[in-house]
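Treat the numbers as computed from the prediction; the structure is a model and nothing was measured. Values below: every heavy atom of this structure, side chains too, minus hydrogens, waters and symmetry copies.
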Amino acid sequence: MIYTTFAKLYDDLMDPEMYANWLDFAEDELVSGNVLDLACGSGRFAVKLAEHGFETSGLDLSEEMLSLALKHAEEAGVDLPLYQGDMLDLSGLSEKFSNVTCFADSFCYLPDEKSVERAFVEVFQHLKPEGKFIFDVITPYQTDVVYPGYMYNYTDEEQAFIWTSFEGKHPHSVEHELTFFIWNEKEDGYDRIEELHYERTYELDVYLKALKHAGFNQVKVSADFGKSKPNEQTTRWFFACQKD
């Protein structure tokens, strides 16, 4: 997931309640020990983990996101080691972790099923014995029913933002067209910037098979941040996996 203009706006507009709900789910599932937050983005969730006593590190592909994560960690006064890297190759990490987290459907930004499976293998290899891996993904109901035709607009004194979602070319995929109008003082006008973000998900059985192939034999799937069982209209699945 690569953000440019979107990084700061994403950070500003993300619902704080989501972080609180992810934290509740994490505290119910994580084991004692250190935590790696994959695709940590702006670091707000990783900072919350650190504030609640977890020895937390963050990894993200985007330098811009990591700069925001460092800023939030410094403001909170927590120690948060940060790594720039790709979840498809964690070989640069020198340690293993008791827990790995990955939220905000970050795995759905990977291009295909093979990449998702590879990411799961990387996580398994970097978990300590009896370690926990928890994450979420959007469901086919979200991509096929909820997202197509979705539109969100935001404006303030310095910027405007239009988010429109369309059905993607692959099954259970969606394209998010993002248009920004950013005030440019030198030009005394707005700069228009466009980005295209792509998400793809799979049937539940695909994720379960990929996790089993990676080595995870203990897997729980839930909805509503672990509070209920999934049904046909569940928009996000939550996974809690343990390494034997």
Side-chain angles (χ1 to χ4, degrees), residues 1-110 118-137 214 216 225-226 238-243:
M1 191 190 298
I2 299 176
Y3 295 95
T4 54
T5 305
F6 193 43
K8 181 64 167 61
L9 194 60
Y10 173 90
D11 186 42
D12 290 342
L13 298 183
M14 190 69 175
D15 184 358
E17 187 176 350
M18 291 290 288
Y19 294 114
N21 289 333
W22 281 320
L23 181 63
D24 288 343
F25 177 63
E27 290 189 312
D28 287 341
E29 295 292 346
L30 298 184
V31 298
S32 60
N34 57 348
V35 183
L36 173 65
D37 188 30
L38 276 184
C40 67
S42 66
R44 290 194 182 273
F45 176 66
V47 167
K48 282 189 172 294
L49 286 174
E51 288 177 328
H52 282 73
F54 291 97
E55 179 188 343
T56 308
S57 301
L59 180 142
D60 202 272
L61 189 62
S62 166
E63 287 187 14
E64 189 175 4
M65 281 295 192
L66 289 173
S67 68
L68 287 171
L70 178 60
K71 174 177 177 288
H72 295 320
E74 291 174 344
E75 290 173 346
V78 299
D79 182 30
L80 182 65
L82 295 169
Y83 305 95
Q84 184 182 12
D86 190 334
M87 67 172 70
L88 299 181
D89 182 7
L90 301 178
S91 59
L93 297 176
S94 60
E95 62 178 317
K96 292 192 175 183
F97 298 86
S98 301
N99 305 277
V100 174
T101 61
C102 188
F103 290 117
D105 44 90
S106 296
F107 288 121
C108 298
Y109 285 82
L110 296 175
R118 181 179 171 186
F120 290 169
V121 169
E122 288 292 313
V123 169
F124 187 86
Q125 292 176 346
H126 286 80
L127 268 178
K128 297 176 182 177
E130 300 185 358
K132 293 292 292 286
F133 172 37
I134 64 173
F135 67 95
D136 66 6
V137 294
F216 291 102
F225 299 90
F238 293 80
F239 291 78
C241 318
Q242 186 157 14
K243 183 174 181 177

Out of curiosity, [X] [atom1] to [Y] [atom2], how far, rounded to the nearest 0.5 Å?
| X | Y | atom1 | atom2 | value |
| --- | --- | --- | --- | --- |
| Ser57 | Leu93 | OG | CG | 8.5 Å |
| Leu82 | Leu59 | CG | CG | 9.0 Å |
| Lys243 | His126 | NZ | NE2 | 9.5 Å |
| Ser98 | Glu130 | OG | CD | 10.0 Å |
| Asp136 | Cys108 | CG | SG | 8.0 Å |

So which heavy atom on [X] is nearest to which on [Y], and how close?
| X | Y | value |
| --- | --- | --- |
| Leu90 | Leu38 | CD2-CD2, 4.0 Å |
| Leu80 | Ala46 | CD1-CB, 3.8 Å |
| Ala26 | Leu49 | CB-CD2, 4.2 Å |
| Phe238 | Phe25 | CB-CZ, 3.8 Å |
| Ala69 | Gly41 | CB-O, 3.8 Å |

> Under the criterion side chain to side chain contact (heavy atoms under 4.5 Å, CB included), which of Val35, Ile134, Val123 is the partner of Val100?
Replying inline: Val123
> Given side chains that start at C-beta, do those of Leu30 and Thr101 come closer than 4.5 Å, heavy atoms only?
Replying inline: yes
> How would you list, by chain and number, every residue that makes a salt bridge (Lys or Arg N to Asp or Glu O under 4.0 Å) with Arg118, sequence neighbours excluded?
Replying inline: none
Sequence neighbours excluded, which residues qualify as side-chain contact (heavy atoms from CB on, under 4.5 Å) partners of [X]?
| X | result |
| --- | --- |
| Glu55 | Asn34 |
| Gln84 | Glu63, Leu66 |
| Ala76 | Val47, Glu51, Val78 |
| Ala119 | Met87, Leu88, Phe107, Leu110 |

>> According to ring-ring contact (aromatic ring centres under 6.0 Å, His included), does anything in residues 45-65 pair up with another residue at least two apart or in another chain? List the pairs.
In response: Phe45-Phe103
> What pairs with Asn99 under side chain to side chain donor-acceptor pair (under 3.5 Å), at least two apart in sequence or on another chain?
Replying inline: none
> Which residue pairs pass the salt bridge (Lys or Arg N to Asp or Glu O under 4.0 Å) test when at least one of the two sits in residues 24-40, sequence neighbours left out?
Replying inline: Glu29-Lys132, Glu29-Lys220
> What residue pairs, at least two apart or across chains, pass salt bridge (Lys or Arg N to Asp or Glu O under 4.0 Å) with a residue in residues 70-92?
Replying inline: Lys71-Glu75
> Which residues satisfy the ring pair (Phe, Tyr, Trp, His ring centres under 6.0 Å) test with Phe97, sequence neighbours excluded?
Replying inline: none
>> Applying ring pair (Phe, Tyr, Trp, His ring centres under 6.0 Å), can you list everything that pairs with Phe216, at least two apart in sequence or on another chain?
In response: Phe124, Phe133
> Hey, would you say the Tyr19 and Trp22 ring centroids sit under 6.0 Å apart?
Replying inline: yes
